[in-house]
Amino acid sequence: MKTIGAKELRLHLNEILDRVLEGEEILVKHRFKEPVRLVATQATVSPYTGDQVVRRLNKVIEHLPNSISPMLRDPNKTYKQLRDELYRRDPKYRQYLQP
């Protein structure tokens, strides 16, 4: 969570609002008063934006077994190649491979 001053908020309002809409929380301090927290409402933040999806997928990949996760990180493989590789690794799925 980032803390900024009221003057910075006033000078860079558009950029700060864009960051808040992307899911970042920002504290705004004004003189010696209680800081104000800027947070987007749930309705405006979609869990399906590009950055959100990448973060969620990276968390899933981190929890995969080490034998599988490096294979999934190869961006040059097609879905069929990844699927076939998974099937080859698991004996119960070998029957579904095309010869």
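Computation of the quantities below employed the complete heavy-atom set of this structure, encompassing side-chain atoms and omitting hydrogens, waters and symmetry-equivalent molecules. Keep in mind the model is a prediction, meaning the values are calculated, not measured. Numbers here simply count residues along the sequence, with the first being 1.
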Taking Leu9 as the fixed residue, which of Val36, Ile26, Leu38, Leu17 is the one that meets the side-chain contact (heavy atoms from CB on, under 4.5 Å) rule?
Leu38
Is Lys2 paired with Glu24 through a side-chain N to carboxylate O contact shorter than 4.0 Å?
no
Are Leu13 and Val28 in one and the same hydrophobic cluster, where Ile, Leu, Val, Met, Phe, Trp and Tyr link if side-chain heavy atoms are under 4.5 Å apart?
yes
Co-members of Phe32 in a cluster of I, L, V, M, F, W and Y side chains, linked at under 4.5 Å:
none
Interatomic distance, Glu8 atom CD to Glu15 atom CD [nearest 0.5 angstrom]:
10.0 Å
Let me confirm one number: the NZ-NE2 distance from Lys7 to His12, rounded to the nearest 0.5 Å.
9.5 Å
Distance (rounded to the nearest 0.5 Å) between Leu21 CG and Ile16 CD1
12.0 Å
